[in-house]
Amino acid sequence: MTDRLVVVGASLAGLRAVEAARGGGYGGEIALIGAEPHLPYDRPPLSKKTLEPGAPPESTQFRSREMLEDLGVELVLGASATAIDTGNKTITVRDAEIAYSAAVIATGADARRLPGGETPAGVHMLRTHDDALAVRAALDAGARTVVIGAGFIGSEVASAARKRGLPVTIVEALPTPLTRSVGPALGSALTRLHTRNGTEVICGVVVSAIEGEVGEVRRVRLEEGTALDADLVVVGIGTVPATDWLVGSGIMVDNGIVCDEFLATTADGVYAAGDVANWRNPLFGRSMRIEHWTSAAEQGARAALNALNPSVAQTYSTVPYFWSDWYGHRIQFVGVPSGQEHEVVSGSLDSDHFVVLYRDGDLLSAALTLNGQRHIMKYRNLINKRATFDEALAFARARASSSWGTPASPESV
Ligand code: FAD
């Protein structure tokens with residue numbers, strides 16, 4: 001059999017997979033298959049820097065074509081993998097079959113669509129480079145913006161619109177935004193960041209129609225009757241893991257590709273990484289699918305090394321971490337948002353700085369900071385060590401008294 005690593009999905013996790021394979025000394029063939037025509041590029045800037053006026057369109061590409069070719073990677077771009085035969089070990093692309101001895105699936109996730117088919121021009125999701133350029137062009141034209149969904153990406157779009165002084169409204173179906181990501185109390189605190197910066201947020205409402213004339217969006221109509229004028233509508237209602245092409249392959253899919261703690265799928269020699277992987281995180285003793293930059297990069301590398309050297313495979317465990325930038329402020333979250341008890345150990349929820357710790361039983365389960373860059377990784381380390389909540393509080397108090405001379409007085413939330 002040809003000694004060939006095939007990586008499906010040419011984005012962050014896929015790129016890290018091929019880099020790790022070569023970095024680890026793999027001398028066989030490598031093919032990197034990507035549905036988009038672009039070289040691998042970075043997504044977080046798409047809802048941040050790329051939306052700023054005049055940002056260069058190519059600025060988020062990770063590596064040049066020459067650099068990838070120097071790594072000995074055969075690039076198959078603008079072509080989706082449509083099937084995998086796990087018995088014969090082949091992957092179908094454009095009616096050709098590419099044989100693999102090891103494979104990494106890093107097909108990520110697609111933006112979730114609103115139900116109900118066609119939408120007028122001016123309605124966008126924000127997942128790809130091309131989406132970002134379309135949103136930016138509308139902002140350049142001074143659009144009145146409605147964002148559907150108060151998640152992190154929609155919130156960053158609102159922030160970009162306000163940075164240009166443009167009017168923007170976020171509509172959210174839940175009574176409190178971000179409840180699943182950070183819990184209701186902190187969801188409310190982050191929502192106040194929007195209102196302090198001039199973004200209108202309407203919660204607990206359902207969109208009944210997106211109306212337009214002559215191919216242009218005009219307004220978003222809510223079920224209770226309100227009509228919101230709009231030239232740009234950005235739909236940010238979550239994602240769906242990109243697994244449709246695996247139907248019938250025998251690879252188990254359940255909210256993403258089911259993987260063990262080694263990132264191995266249920267098929268021999270096939271591993272998965274990044275937003276598409278629902279893997280068992282040994283640190284928390286349970287399966288999770290996370291859509292964060294850091295874990296996608298790390299999983300890509302680990303999946304490739306394990307796929308190529310299964311006899312010395314290593315588990316992948318992590319304390320999940322993500323960041324988001326709103327109105328010039330950095331939000332950072334570590335851990336898992338289980339447990340509903342929180343304490344503010346620095347700043348206040350109505351200010352532009354806070355550090356909040358989350359308790360689950362006796363343990364510190366998560367931490368959320370607003371403009372708390374010098375704090376967040378310390379709490380990540382504590383979660384990694386499975387520190388108790390009381391240990392974390394003692395740590396926070398010691399930091400507060402050494403940094404500011406006065407003990408912190410935790411505010412219960
Ligand atoms: P993806 O980046 O989704 O890439 C998957 C690739 O596979 C895509 O190019 C897709 O076209 C391709 N593909 C899909 N199906 C097939 C197929 N059948 N054949 C071939 N190719 C296929 N994370 C943070 O932690 N902080 C942030 O601030 C942040 N901001 C973000 C902003 C935006 C706008 C977006 C979209 C994401 C953001 N993220 C952020 C999340 C982060 O970018 C993702 O976690 C990361 O991109 C996941 O990488 P991935 O390689 O697993 O998947």
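Note that ligands are numbered from 1 as they come in the structure, with each ligand's atoms numbered from 1 the same way. Predicted, not measured: the structure shown is a model, and the values here were computed from it.
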Is the backbone of [Y] close enough, under 3.5 Å, to the side chain of [X] for a donor and an acceptor to pair up by distance?
X: Arg136; Y: Thr50; result: yes
X: Trp279; Y: Tyr316; result: yes
X: Arg162; Y: Leu166; result: yes
X: Arg218; Y: Asp231; result: no
X: Asn88; Y: Thr90; result: no
X: Asn384; Y: Asn381; result: no

If you have a sec, work out which protein heavy atom is nearest [atom] and how many Å separate them, to one decimal?
atom: atom 14 (C) of ligand 1; result: Thr107 O, 3.2 Å
atom: atom 10 (C) of ligand 1; result: Glu36 OE2, 4.1 Å
atom: atom 52 (O) of ligand 1; result: Asp275 N, 2.9 Å
atom: atom 19 (N) of ligand 1; result: Ala81 N, 2.9 Å
atom: atom 40 (C) of ligand 1; result: Pro44 CG, 3.8 Å
atom: atom 4 (O) of ligand 1; result: Ser11 CB, 2.9 Å
atom: atom 32 (C) of ligand 1; result: Ser47 OG, 3.3 Å
atom: atom 7 (O) of ligand 1; result: Gly9 CA, 3.3 Å

Considering distance alone, does some N or O of [X] sit under 3.5 Å from an N or O of ligand 1?
X: Arg43; answer: yes
X: Ala35; answer: yes
X: Ala13; answer: yes

Fill in the blank from the handout: Rounded to the nearest 0.5 Å, the CG atom of Leu349 sits from the OG atom of Ser188 at a distance of 9.5 Å

Exercise for the section: Quick one: pull up OG in Ser295 and CD in Glu298 and give me the separation to the nearest 0.5 Å. Expected result: 7.0 Å

Give the atom numbers and elements of ligand 1 that come within less than 4.0 Å of a heavy atom of [X].
X: Ala106; value: 5 (C), 6 (C), 7 (O)
X: Ile33; value: 20 (C), 21 (N)
X: Gly274; value: 52 (O)
X: Val8; value: 19 (N), 20 (C)
X: Gly108; value: 1 (P), 3 (O), 5 (C), 53 (O)
X: Phe322; value: 25 (O)

Handout entry: Modelled atom types, side-chain donor and acceptor of Glu343 and Tyr358, under 3.5 Å
Key = no

Determine whether the side chain, the backbone, both or neither of [X] has a heavy atom under 4.0 Å from any heavy atom of ligand 1.
X: Ala109; value: backbone
X: Ile153; value: side chain
X: Trp323; value: both
X: Asp325; value: neither
X: Trp293; value: both
X: Glu291; value: backbone

Handout entry: Tyr41 and His38 aromatic ring geometry - parallel, tilted or perpendicular at 30°/60° bounds
Key = perpendicular

Practice task
Look at the aromatic rings of His194 and Tyr327 and report parallel, tilted or perpendicular, splitting at 30° and 60°.
Solution key: perpendicular

Completion exercise
Checking heavy-atom distances from atom 3 (O) of ligand 1 to each of Arg127, Gln332, Arg16, the winner is Arg127

Handout entry: Shortest heavy-atom approach to atom 49 (O) of ligand 1 - which of Pro320, Ala242, Ala296
Key = Ala296

Practice task
List the steps, then state whether salt bridge (Lys or Arg N to Asp or Glu O under 4.0 Å) holds for Arg330 with Asp325.
Solution key: CA-CA 5 Å; Arg330 175 146 291 195; Asp325 295 332; 2.8 Å; yes

Practice task
Would you mind checking if Lys385 and Glu391 are paired as a salt bridge, meaning a charged N to carboxylate O distance below 4.0 Å?
Solution key: no

Handout entry: Side-chain ion pair, Glu36 and Arg43, N-O less than 4.0 Å
Key = yes

Problem - Identified side-chain hydrogen bond (donor to acceptor under 3.5 Å, both in side chains) counterpart of Tyr321 within the set Arg380, Gln332, His292 - result: Gln332

Practice task
May I ask whether Lys48 has any heavy atom positioned less than 4.0 angstrom from an atom of ligand 1?
Solution key: yes

